[in-house]
Amino acid sequence: MSTAFGKGHHLHLIDGSAFIFRAYHALPPLTRKSDGLPIGAVSGFCNMLQRYVETNTGDDAPTHVAVIFDKGSHTFRNEIYDQYKANRDEMPEDLRPQIPLTRRATEAFNIACKELEGYEADDIIATLAVQARELGGRCTIISSDKDLMQLVGDGVEMLDAMKNKRIDRDGVFEKFGVYPDRVVDVQALAGDSVDNVPGAPGIGIKTAALLINEYGDLDALLERAEEIKQPKRRQTLIDHAEQIRLSRKLVLLDENTPLEFTLDDLEVRTPDPDQLMPFLAEMEFRTLTKRIAEKLDVEPPEIDDTPASAPEAPEIEEVPFDRAGYSKVGTIDELQAWIDRIYERGYVAVDTETTGLNEMTADLVGISLSVEPGQACYIPLIHKKSSSDDLFGSDDLAEGQMPLDEALEMLKPVLEDPSILKIGQNMKYDLKIFARGGITVSPIDDTMLMSYAMHGGLHGHGMDQLAERYLGHTPIPIKPLLGSGKSAITFDKVPLDDAVPYAAEDADITLRLWQQFKPSLHRAQVTRVYETLERPMVPVLAQMERTGIKVDRDTLSRMSNAFSQSMAGLEAEIHELAGRSFNVGSPKQLGEILFDEMSLPGGKKGKTGAYATGADVLEDLATEHELPARVLDWRQISKLKSTYTDALQDHINAETGRVHTSYSIAGASTGRLASTDPNLQNIPVRTEEGRRIREAFVAEEGKTLVALDYSQIELRILAHIADIPALKEAFRRGDDIHAMTASEMFDVPMEEMTPEIRRRAKAINFGVIYGISGFGLARNLRIPRSEAQGFIDRYFERFPGIRAYMDDTKAFAKDHGYVQTLFGRRIHTPNIGAKGPHAGFAARAAINAPIQGTAADVIRRAMVRMPAAIERLPAKMLLQVHDELLFEVEQGAEDDLIAAARTVMEAACDPVVKLDVQLSVDAGQGENWAVAH
DNA sequence: GACATCACG
DNA sequence: GACGTACGTGATGTCC
């Protein structure tokens, strides 16, 4: 193309700053591996450019294109109004060095890159758009900035690239209530808090549009302001006429910026691999380099990302572990001396010793403190006289202890002081213990959660493990102090001579770990994860666990009795069918009956040589014989009885009449919570009989249980991460997602969908989330492996983004040793490079982790915000079940709660991540959990 | 304490 | 080309 820009030509103008900020906020803070240079925004920017290049081909492709950037912070607008954009936040520290790199990226993609000192990008865009229009061509502005909307019309359009939404004259009218030529008038009246444009106080876009439409334009309006009927509005306009005129000058774009190039200089050029490849390699973008190299059909360059020098571990003062630094605190004066030291320091490591592991029933026995490595104390409070003094044990307290109340009274102000940081290992435990004593510990840090944020997937995060690994020290074991089995004692029976070094050491270790971890969080780039997804969960979960949920013992007990009866009946029947009596609960004995004595078809399992008698095997055998079917029935009832109706009764707290689970925050590698003692995340729901267990989970008299759950959250996240347009579109329309998949895959119109076809598609959708394999799908659907593989191939063909996601994720895991969620949580994948069968496991886990982990992050964010959101409602959050939150609310306030909680849950990604797919939350309510779910 | 089994998302 | 396989959890009962 060599003719001058004119009719038939199409100019694209990309708002560079919008791309940069979007890239920066959408991505976790990545750094270049070799030297730690922050490049997250550059990476996102390049991805967006690449996506732009890929999608803008064909009939409507641009003939001319440029990316326009802002330059300098001082523009002519600051000359007329010194407060213009004065309330903008400073640019983030790690974004600043990336700005010049985005210019280089644009040039590397062989796209024109323009900026002009003293002018905003918007002015350059305005100038070029007007030129294009006057020369008879078209122009598309790729931005969603409302300040640019005044340019729309006569061949100029805007395109919101994120939402893939075109904005024409009608779109502008929708936004402003006027057509583009009057947009500046409306903006001048309404002002803009983001750019700090004053406007007229008390007048928003709605009112502004109303006035402009009535009077024609701004000048006429200001001239005839006296005629306005509403007295307040009239006065505002008369008083602020000058300010409004100034505002118009600020929002009016300069269409005559002195550019030193013409439209003809912006002609579209094809990418030049010799420019682009070296740049991408320099940035060390492995996956992107590979992907673009494939598109351009060139060899990807070698990427050298060996660190220039190994990152240095911080110098930690080496203080040997020595019991000499540990002391007992037994008097007011001794405790006061420690409190003084804490105030001097500003932080303290705290650990509590109790009579048990259950925070709801255990009693506080003593408290240990440390403010300096090697220096720690233990404050024993209710230790009993040693049993050697009194053979029969005694309730008399040991000598040399402070009264519990007195000690807590002295410590309460410290533990609640907002200026003193309390450091603990698994602080949720200590928080709950102190809360029962009326003390609200805050603010806190938690070494277990720091380790989880940094090392998730690498190893566990218990204190013994962390001490061993990061301090090279083996802590004093608890076993010899407490004993085990029947003769085990509680910590209050441990002699003080043993208790002091043990307890003090825990505080010492915690402090040392904290000193090492605190600065490392930043280097590992998980500060935001720790601060927003880990630490804030501690008080929220502590509160939920303390609240507990009411469980009706009679309901459970009645069910237990009924189960006993049917089990006895089934057992007799099974023995009859087997021809002899045996233990139905023993897979070993069952295997012998089925395969040796009855010679039913089935084989051994390699590892232990035992027959497999899992539900899937028995289901297959059920067609041959009645015995396996009866065993399946027996097992289902046995499970329900032993795990649920029996065990759950033992967990009802005598004081509260409620069941209090404990959530582990750092248990699951993906970021999910885990529930223990009892596990309330696996209460039956899938079968009718099982679901009845949930009838025992009830609301208090006068209250209602409300359940809210995310609909298809993992598939929605997949649609976003893997960028699957068909899936996104289906979610936008609110389609049956599995039916849509089936229709797409098997070429069946939606109207002719059968449950069987849909079932298959559903299995494939879930399979994808788990890192699909032909074998796994075949087993799940009970179809030949070749057929399953055919389905998968077809799926990849119809949704190519999925395969790209899977390949990219595996490659990323291999390169980095971890994968990450949209919110920056890192899940390490140490086995990803393994050879042999291990490799498949690690790869599938790596594919699943970002999806499951992002979903976990989302609900964590919702939970952290929930207490403030429902503060004014008579409601409490009780349980979390991965994608569901359960509340108890006073009758009458159900709808208010649902509205408030739903808002928080659906907006949980804001403002860090903008999903292409909406999150949707379903709600239910009732007197028990079976109804509410 | 390992293993098999099965409850949930 | 073969390995072996769906992802993430916790609780219970059997058996050694």
Side-chain angles (χ1 to χ4, degrees), chain A residues 456-457 582-591 605-618 631-632 634-648 650-651 661-664 667-687 689-691 693-694 709-715 718 763-781 785 788 792 806 819 827 829 834-853 855-856 859 879-884 929 933:
Chain A
F582 69 103
N583 185 347
V584 184
S586 164
K588 187 168 169 265
Q589 294 180 30
L590 176 67
K605 222 179 182 165
K607 251 197 285 191
T608 53
Y611 289 118
T613 67
D616 48 345
V617 177
L618 296 190
V631 172
L632 282 170
W634 183 91
R635 278 194 185 161
Q636 191 195 8
I637 295 170
S638 162
K639 178 82 174 185
L640 292 177
K641 177 166 153 48
S642 68
T643 312
Y644 299 104
T645 57
D646 286 352
L648 221 39
D650 301 335
H651 284 285
T661 184
S662 178
Y663 289 101
S664 38
S669 61
T670 52
R672 272 194 178 178
L673 299 178
S675 160
T676 61
D677 310 304
N679 181 354
L680 295 186
Q681 290 182 320
N682 70 345
I683 303 302
V685 70
R686 290 176 187 170
T687 66
E689 301 93 310
R691 193 154 46 234
I693 307 267
R694 293 189 174 217
D709 68 290
Y710 284 107
S711 155
Q712 307 281 18
I713 186 166
E714 292 195 349
L715 274 176
L718 174 74
I764 298 168
N765 275 333
F766 278 108
V768 165
I769 292 174
Y770 299 150
I772 200 157
S773 76
F775 186 94
L777 184 65
R779 206 178 58 173
N780 189 290
L781 285 177
R785 204 175 146 176
I792 293 171
M806 295 174 96
V819 292
I827 297 117
T829 55
K835 292 270 173 283
H838 276 308
F841 277 112
R844 288 193 299 273
I847 288 165
N848 173 260
I851 303 168
Q852 189 183 115
I859 197 164
L879 300 178
Q880 187 249 44
V881 192
H882 308 309
D883 63 358
E884 170 185 0
W929 199 4
H933 180 78

J.: Just how far, in rounded Å, is P of B/dA7 from CD of A/Gln636?
T.: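 Distance check: A/Gln636 CD to B/dA7 P gives 6 Å.
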J.: Scan A/Ile683 against the nucleic acid and name what it touches under 4.0 Å (heavy atoms): base, sugar-phosphate only, or nothing.
T.: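 A/Ile683: backbone/sugar contact only, no base atoms under 4.0 Å.
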J.: Using a cut-off of 4.0 Å on non-hydrogen atoms, how would the nucleic acid contact of A/Gly767 be classed: base, sugar-phosphate, or nothing?
T.: base
J.: Just call it for A/Ile769: base, sugar-phosphate, or nothing, with non-hydrogen atoms closer than 4.0 Å on any strand.
T.: nothing
J.: Whether A/Arg686 contacts B/dA7 is assessed here as follows: a side-chain N or O lying under 4.0 Å from the phosphate OP1 or OP2. Is that the case?
T.: no
J.: For the side chain of A/Ser669, starting at C-beta, report the closest nucleotide among C/dG8, C/dG10, B/dC8.
T.: C/dG8
J.: Please classify the nucleic acid contact of A/Asp883 as base, sugar-phosphate, or nothing, using heavy-atom distances under 4.0 Å.
T.: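 If one applies the 4.0 Å heavy-atom cut-off, A/Asp883 turns out to touch the sugar-phosphate alone, with no base involved.
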J.: Looking for any heavy atom pair under 4.0 Å, which part of the strands does A/Lys588 touch: base, sugar-phosphate only, or nothing?
T.: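 Sugar-phosphate, backbone atoms only, no base.
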J.: In this structure, how many angstroms lie between the P atom of C/dA6 and the CG atom of A/Leu718, rounded?
T.: 20 Å
J.: Does a nitrogen or oxygen in the side chain of A/Arg635 sit under 4.0 Å from OP1 or OP2 of B/dC6?
T.: yes
J.: Please measure how far the P atom in B/dC3 lies from the corresponding atom in C/dT5, and state the result in whole Å.
T.: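 B/dC3 and C/dT5 have their P atoms separated by 14 Å.
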J.: Which part of the nucleic acid does A/Ala849 contact within heavy-atom distance under 4.0 Å: base, sugar-phosphate only, or nothing?
T.: nothing
J.: Tell me the interatomic distance from A/Leu648, atom CG, to C/dG10, atom P, rounded to whole angstroms.
T.: 17 Å
J.: Across the strands shown, which category fits A/Ser773 at heavy-atom distances under 4.0 angstrom: base, sugar-phosphate, nothing?
T.: base
J.: Nearest to the side chain of A/Pro684 - B/dT5, B/dC8, C/dT9?
T.: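 Closest nucleotide among those given: B/dC8.
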J.: Considering only B/dC8, B/dT5, C/dT12, which nucleotide approaches the side chain of A/Thr643 most closely?
T.: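 Side chain of A/Thr643 sits closest to C/dT12.
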J.: What is the distance, rounded to the nearest whole Å, between atom CD1 of A/Ile851 and atom C1' of B/dG9?
T.: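 Atom CD1 in A/Ile851 sits about 14 Å away from atom C1' in B/dG9.
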J.: Would you tell me if any nitrogen or oxygen in the side chain of A/Ser675 comes within less than 4.0 Å of OP1 or OP2 on C/dT9?
T.: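 It does not, given that no N or O in the side chain of A/Ser675 lies less than 4.0 Å from OP1 or OP2 of C/dT9.
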J.: Measure from the side chain of A/Ser642, starting at C-beta and using heavy atoms only, and say which of B/dA7, C/dT12, C/dT9 lies closest.
T.: C/dT12
J.: For the pair made of NZ in A/Lys835 and P in C/dG4, what is the distance, rounded to whole Å?
T.: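 Checked: the NZ to P distance equals 16 Å.
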J.: For C/dC15, does either OP1 or OP2 sit under 4.0 Å from a side-chain N or O belonging to A/Gln589?
T.: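 Indeed, a polar side-chain atom of A/Gln589 lies that close.
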J.: Among C/dA11, B/dA4, B/dG9, which nucleotide has an atom closest to any side-chain atom of A/Asp677?
T.: C/dA11
J.: For A/Tyr770 and B/dC8, give me the distance from atom OH to atom C1', rounded to whole Å.
T.: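 It works out to 10 Å between those atoms.
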J.: Just call it for A/Gly614: base, sugar-phosphate, or nothing, with non-hydrogen atoms closer than 4.0 Å on any strand.
T.: sugar-phosphate
J.: Can you measure A/Lys641 atom NZ to B/dA7 atom P for me and round it to whole angstrom units?
T.: 16 Å
J.: Regarding A/Thr613 and A/Arg635, do their side chains bring together a donor and an acceptor under 3.5 Å, going by distance alone?
T.: yes
J.: Mind checking A/Ser638 for me? I need base, sugar-phosphate or nothing, with any heavy atom below 4.0 Å counting as a touch.
T.: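 Nothing, no heavy atom under 4.0 Å.
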J.: Expressed as a whole number of angstroms, how long is the span from A/Ile827:CD1 to C/dC7:C1'?
T.: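 Rounding to the nearest Å, CD1 of A/Ile827 and C1' of C/dC7 are 12 Å apart.
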J.: Mind checking who B/dA4 pairs with, Watson-Crick or G-U wobble, both distances under 3.5 Å?
T.: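 Partner of B/dA4: C/dT12.
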J.: Does A/Ile769 offer a backbone N or O that forms a donor-acceptor pair with the side chain of A/Asn848 under 3.5 Å?
T.: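 Checked: pair present.
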J.: Measure from the side-chain heavy atoms of A/Asn583 and tell me the nearest of C/dT14, C/dG8, C/dT5.
T.: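 Closest nucleotide to the A/Asn583 side chain: C/dT14.
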J.: Within the 4.5 Å heavy-atom criterion, are A/Ile772 and A/Met806 side-chain neighbours or not?
T.: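 Yes, close enough: below the 4.5 Å cut-off.
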J.: Would you indicate which nucleotide in C/dC7, B/dA7, B/dT5 comes nearest to any side-chain atom of A/Asn848?
T.: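 Between C/dC7, B/dA7, B/dT5, the one nearest the side chain of A/Asn848 would be C/dC7.
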J.: Nearest nucleotide by nearest heavy atom, which residue falls closer to the 5' end of DNA chain C, A/Pro678 or A/Thr670?
T.: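 Result of the comparison: A/Thr670.
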J.: Donor-acceptor check, side chain of A/Gln589 to backbone of A/Asn583, threshold 3.5 angstrom: yes or no?
T.: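 Side chain of A/Gln589 to backbone of A/Asn583, a donor-acceptor pair under 3.5 Å: yes, one is there.
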J.: Pair A/Tyr770, A/Ile851 - check side-chain contact (heavy atoms from CB on, under 4.5 Å), show working.
T.: CA-CA 9 Å; A/Tyr770 299 150; A/Ile851 303 168; over 6 Å; no
J.: Looking only at side-chain N and O atoms, does A/Asn682 come under 4.0 Å of OP1 or OP2 in C/dA11?
T.: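 A/Asn682 to C/dA11 OP1/OP2: no side-chain N or O under 4.0 Å.
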J.: Describe the nucleic acid contact of A/Arg785 in one word from base, sugar-phosphate, nothing, applying a heavy-atom distance below 4.0 Å.
T.: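 It contacts base atoms.
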J.: Could you go step by step and tell me if A/Ile792 and A/Leu777 meet the side-chain contact (heavy atoms from CB on, under 4.5 Å) rule?
T.: CA-CA 9 Å; A/Ile792 293 171; A/Leu777 184 65; 3.9 Å; yes
J.: With rounding to whole Å, what would you report as the distance between B/dT5 and C/dC3 at their P atoms?
T.: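 23 Å, rounded to whole Å.
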J.: Supply the atom-to-atom distance A/Ile859 CD1 to A/Ile713 CD1, rounded to the nearest 0.5 angstrom.
T.: 7.0 Å
J.: Answer yes or no: is there a donor N or O on one side and an acceptor on the other, between the side chain of A/Thr661 and the main chain of A/Thr676, under 3.5 Å?
T.: yes
J.: Report which part of the nucleic acid A/Asp709 touches: base, sugar-phosphate, or nothing (heavy-atom distance under 4.0 Å, all strands).
T.: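 Nothing, no heavy atom under 4.0 Å.
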J.: Any side-chain N or O of A/Arg672 less than 4.0 Å from the OP1 or OP2 oxygen of B/dG9?
T.: no
J.: How is A/Phe766 classified with respect to the nucleic acid when contacts are heavy atoms under 4.0 Å: base, sugar-phosphate, or nothing?
T.: nothing
J.: Identify whether any heavy atom of A/Asn679 sits under 4.0 Å from a base atom; if not, whether one sits that close to sugar-phosphate; answer base, sugar-phosphate or nothing.
T.: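 It contacts sugar-phosphate atoms only.
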J.: Could you walk me through whether A/Glu714 and A/Arg672 pass salt bridge (Lys or Arg N to Asp or Glu O under 4.0 Å), step by step?
T.: CA-CA 13 Å; A/Glu714 292 195 349; A/Arg672 272 194 178 178; 3.7 Å; yes
J.: Less than 4.0 angstrom between a side-chain N/O of A/Ser586 and OP1 or OP2 of B/dT5, yes or no?
T.: no
J.: Look at all strands and tell whether A/Ala763 reaches a base, only sugar-phosphate, or nothing, counting heavy atoms closer than 4.0 Å.
T.: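 If one applies the 4.0 Å heavy-atom cut-off, A/Ala763 turns out to touch a base.
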J.: Could you give the distance separating B/dA4 and C/dA6 at their P atoms, to the nearest angstrom?
T.: 13 Å
J.: Out of B/dT5, C/dG8, B/dC8, which has the shortest distance to the side chain of A/Val685?
T.: B/dC8
